[in-house]
2 protein chains.
Amino acid sequence: MSQVTRTDARDRLVAAAVESFASKGFHGTTTRDIASAAGMSPAALYVHHRSKEDLLHLISRTGHELTLRLVQEGVASADEPVGRLVAVVRGFVVHHARNHTSARIVNYELAALSPAHLEEIAGLRRAIEQELRDVVEDGVRLGAFTTSNPRMTALALLSLGIDVARWFRDEGEWDPEDVAAHYCELALNMVGAISR
Amino acid sequence: MSQVTRTDARDRLVAAAVESFASKGFHGTTTRDIASAAGMSPAALYVHHRSKEDLLHLISRTGHELTLRLVQEGVASADEPVGRLVAVVRGFVVHHARNHTSARIVNYELAALSPAHLEEIAGLRRAIEQELRDVVEDGVRLGAFTTSNPRMTALALLSLGIDVARWFRDEGEWDPEDVAAHYCELALNMVGAISR
């Protein structure tokens with residue numbers, strides 16, 4: 001089997017796992033469902049992935065690493081709190097709207113991960129939370145934001161972004177950029193940004 | 001079987017279904033799992049509930065009716081926009097924090113409902129959304145709120161409240177009332193409430 005074919009089969013199985021987990025949940029999905037959605041035999045799945053949980057871990061790690069990178073890029077894109085918050089919220093919301101199917105699995109199937117995998121993913125989640133918290137706490141320290149509870153406000157900003165994956169619909173009236181633009185306004189209000 | 005025992009068995013099955021759906025998802029749960037968690041035989045389950053979907057529908061309808069009632073009570077509790085918004089957000093957040101396990105099933109397993117049941121539940125969800133939207137739109141009309149997009153802001157308020165069920169932990173540092181109090185402050189900021 002050539003390298004290209006091998007990578008293609010692996011990716012097809014990941015895409016099939018995303019669809020299967022999204023429609024029937026992790027526990028309701030069999031490896032046979034995933035293999036069949038990818039047009040492969042159940043035995044062929046095991047050539048590429050050790051188990052159903054291995055596929056979930058791969059989807060989860062990829063999603064969390066991408067989210068962490070987006071948040072870090074948002075932070076690096078500006079040198080003051082308002083610009084940072086807007087960049088982080090925009091990137092986070094657009095990602096969770098565009099990739100709402102995989103983002104639901106990434107955020108709602110954590111309990112199905114093995115203890116070792118969950119520990120790794122929890123570390124990525126803490127890193128994402130810490131970036132958001134730093135943006136809000138720095139803003140308060142620099143006098144740009146006035147929220148009375150920076151930590152809970154940072155958690156609420158993250159929560160609002162994650163929940164976009166639950167309610168966003170491709171066929172809805174708003175596109176990901178519309179949602180992101182209004183969510184930036186809401187985020188500035190939530191932190192109590194001083195009008196400039 | 002006496003009426004009391006009958007009601008007790010029905011309720012025990014509902015509680016067992018909540019626990020089973022929460023830990024393994026609707027599709028990953030069998031009627032045998034539910035019966036066994038309730039200390040009953042699979043056959044006994046069918047004396048009280050027609051199917052696993054029937055149990056999900058009951059949990060979903062109960063949760064949505066309770067949420068709608070809480071929101072309506074919040075609206076009725078005050079005669080001006082700020083008081084209404086605070087009452088609605090407080091009731092919604094406390095409910096979703098206290099009952100986070102059942103609230104996750106209520107909000108994340110909609111796709112597993114039968115088409116007829118989904119239609120009924122979707123009607124309840126529209127009624128809840130409409131109450132929130134009226135609170136925000138009335139506030140803007142009366143000059144108490146200044147948000148540029150009342151409909152998306154109302155959706156974001158609902159989204160923030162629903163997602164409490166995902167992240168809230170009984171053993172966490174904040175109790176439901178702590179979260180509700182800060183979320184009322186965030187909600188007033190989100191709608192752009194004019195300081196009084």
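Every chain is numbered from 1 and lettered A, B, ... according to where its sequence line falls, protein lines coming before strand lines.
- Contact annotation for Ala156(B): both backbone and side-chain heavy atoms come within less than 4.5 Å of a heavy atom of chain A.
- Of the listed residues (Thr147(B), Thr153(B), Asn107(B)), the one with the most heavy-atom contacts under 4.5 Å to chain A is Thr153(B).
- Shown here is Asp79(B), whose CG atom has no more than 12 heavy atoms of other residues, nucleotides or ligands within 6.0 Å.
- The CG atom of Asn149(A) sits 10.5 Å away from atom OH of Tyr183(B), with the distance rounded to the nearest 0.5 Å.
- Screening Glu173(B), His182(B), Glu185(B) against Met152(A) for a side chain to side chain contact (heavy atoms under 4.5 Å, CB included) leaves a single residue, His182(B).
- Under a hydrophobic-cluster definition in which Ile, Leu, Val, Met, Phe, Trp and Tyr are linked whenever side-chain heavy atoms come within less than 4.5 Å, directly or via other members, Leu66(A) and Ile128(A) are assigned to different clusters.
- Rounding to the nearest 0.5 Å places CG of Asn189(A) at 8.5 Å from CE of Met190(B).
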Exercise for the section: With side-chain contact (heavy atoms from CB on, under 4.5 Å) as the test, would you mind laying out the steps for Arg166(A) and Leu110(B) before giving the verdict? Expected result: CA-CA 11 Å; Arg166(A) 181 187 57 80; Leu110(B) 294 168; 6.0 Å; no

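- Contacts with chain B were tallied for Ser148(A), Ala111(A), Gly25(A), Ser23(A); Ser148(A) has the most, counting heavy-atom pairs under 4.5 Å.
- Hydrophobic clustering keeps Leu70(A) apart from Leu124(A) (ILVMFWY residues linked when any side-chain heavy atoms are closer than 4.5 Å, directly or through intermediates).
- Between atom CG of residue Leu157(A) and atom CG of residue Leu186(B) there is a gap of 8.0 Å, rounded to the nearest 0.5 Å.
- Ser159(B) and Asp163(A) make their closest contact through OG-OD2, 2.5 Å (heavy atoms, listed as atom of the first residue, atom of the second, distance).
- Hydrophobic cluster membership is shared by Leu58(A) and Val18(A), with clusters built from Ile, Leu, Val, Met, Phe, Trp and Tyr side chains linked at under 4.5 angstrom.
- Clustering ILVMFWY residues whenever any of their side-chain heavy atoms sit less than 4.5 angstrom apart, transitively, puts Val94(A) in a cluster other than the one holding Val75(A).
- One distance of note links NE2 of His27(B) with OG1 of Thr30(A); it measures 13.0 Å at 0.5 Å rounding.
- With a 4.5 angstrom heavy-atom cutoff, Tyr108(B) touches chain A only via side-chain atoms.
- For chain B, no part of Thr29(A) is nearby; none of its heavy atoms comes within less than 4.5 Å.
- With a 4.5 Å cut-off on non-hydrogen atoms, Phe26(A) does not touch chain B at all.
- Of the atoms belonging to Ile162(B), it is side-chain heavy atoms, and not backbone ones, that fall under 4.5 Å from chain A.
- Among Val191(A), Leu155(A), Leu158(A), the residue with the largest count of heavy-atom pairs under 4.5 Å with chain B is Leu155(A).
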